Every structure is written in structure tokens, then in C-alpha cells.
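By convention here, the first residue in the shown sequence is residue 1. Not measured: the values here are computed from a predicted model.
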Amino acid sequence: QVQLVESGGGLVQAGGSLRLSCAASGRTFSPYVMGWFRQAPGKEREFVAAINWSGRISYYADSVKGRFTISRDNAKNMLYLQMNNLKPEDTAVYYCAADPKTLFSDTVYTTPPRYDYWGQGTQVTVSS
């Protein structure tokens, strides 16, 4: 079992930046693919970014490509999402998630059912 806790959300003006963090505990998450997802009111949960176990491979949704950066520190059991040039449409609850199905994988997945472990989420609100 892996427990995930997100932090770093808040209210920011359009064009601003936030850095989300996800702390993992229980079992080391270094073998797992990790992802960030978000869910806006009335919408389905959607993929934002994912990173392979070593941090060398990352993948982004088209809507955030060039603005968001996912990274991880396996020694600290931490996952990050740097969000720059934020837009009002980025407003959502952001979740980190772990995919334990394949260890030390270089293949990242974008679908929520792939991920077994989820945090409680952190709210990001971008004002126009």
C-alpha cells in the first residue's frame, strides 16, 4: 500500500505559477509510474501528466504541454508538478496517483483506471 498526500494548491491569477507536491508513504514509490490528474466541477477526471519510474520519461496532456512540468525525487518519495502560465481553465482539484501494476516501467498510461493509489486532492483555482 502507498499513501499519497498532495499539497501546494491555492488561488492564483491567470499567468501565475504554482508548484504542487505529492508525498508518498507506506511503501517506496520508486518502482512505480506516477501521474497527475485533475477534475473540474461537473467534469470527468482527466489526465494531466505522467512520469516513468526513473524520471527520464514524461508525458503531458496537450492542454498543459509547454506550461507544466512533472518531476520526482525517489530518494525523498516526492512527486511534483510545476505549473506556469496558469489559465482559468486549469481550475480543478488536482490528484496524484501511482500505477503499481508494472514495476520499473518506461511505459506511462493516461487512463485513471490504470492507477490504483490516489491522494485526496488539492484545489487549484485560477482567476481571470
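- Taking the centre of each ring, F37 and W118 come in below the 6.0 Å mark.
- With values rounded to the nearest 0.5 angstrom, F47 atom CZ is found 9.5 Å from T111 atom OG1.
- Closest non-hydrogen pair, Q3 versus G26, comes out as OE1-CA, 3.5 Å.
- In this structure, R38 fails the cation-pi test against Y95, since its NZ or CZ atom is not both closer than 6.0 Å to the six-membered ring centre and inside 45 degrees of the ring normal.
- Under a 4.5 Å side-chain heavy-atom criterion applied to ILVMFWY residues, the cluster that includes L11 comprises that residue alone.
- Note that OG of S30 and CG of N77 are 7.0 Å apart. Values are rounded to the nearest 0.5 Å.
- Nearest approach of G121 to E6, heavy atoms of both residues: N-OE1, 2.8 Å.
- Cluster annotation: Y109 and I70 are assigned to distinct hydrophobic clusters (Ile/Leu/Val/Met/Phe/Trp/Tyr, side-chain heavy-atom contacts under 4.5 Å, transitive).
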After noting the C-alpha distance and the side-chain angles of Q123 and T125, does the key distance pass the side chain to side chain donor-acceptor pair (under 3.5 Å) rule?
CA-CA 6 Å; Q123 176 70 47; T125 303; 3.3 Å; yes

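- The shortest heavy-atom contact between D90 and V126 is CB-CG2, 4.3 Å.
- For CZ of R67, the number of neighbouring non-hydrogen atoms (other residues, nucleotides, ligands) closer than 6.0 Å is greater than 12.
- Note on residues 20-111: pairs passing disulfide bond (SG atoms under 2.5 Å apart), not counting sequence neighbours, are C22-C96.
- For the pair R72 and F29, the cation-pi test (distance below 6.0 Å, angle within 45°) is passed.
- Residue-environment remark: OH (Y80) exceeds the threshold of 12 foreign heavy atoms within 6.0 Å.
- V33 and Y59 end up in the same hydrophobic cluster when Ile, Leu, Val, Met, Phe, Trp and Tyr side chains are linked at under 4.5 Å.
- For the pair Y117/Q1, a side-chain contact is recorded, criterion being any heavy-atom separation below 4.5 Å from C-beta on.
- Taking 4.0 Å as the cut-off between side-chain N and carboxylate O, K65 and D62 count as a salt-bridged pair.
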Please determine whether side-chain contact (heavy atoms from CB on, under 4.5 Å) holds for the pair L79 and L4, giving the CA-CA distance in whole Å, both sets of side-chain angles, and the decisive distance to 0.1 Å.
CA-CA 10 Å; L79 178 73; L4 303 173; over 6 Å; no

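- For the atom pair CH2 (W36) and OG (S58), the distance works out to 14.5 Å, reported to the nearest 0.5 Å.
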If you apply the rule side-chain contact (heavy atoms from CB on, under 4.5 Å), what do you find for M83 with S17, and how did you get there?
CA-CA 5 Å; M83 306 186 295; S17 298; over 6 Å; no

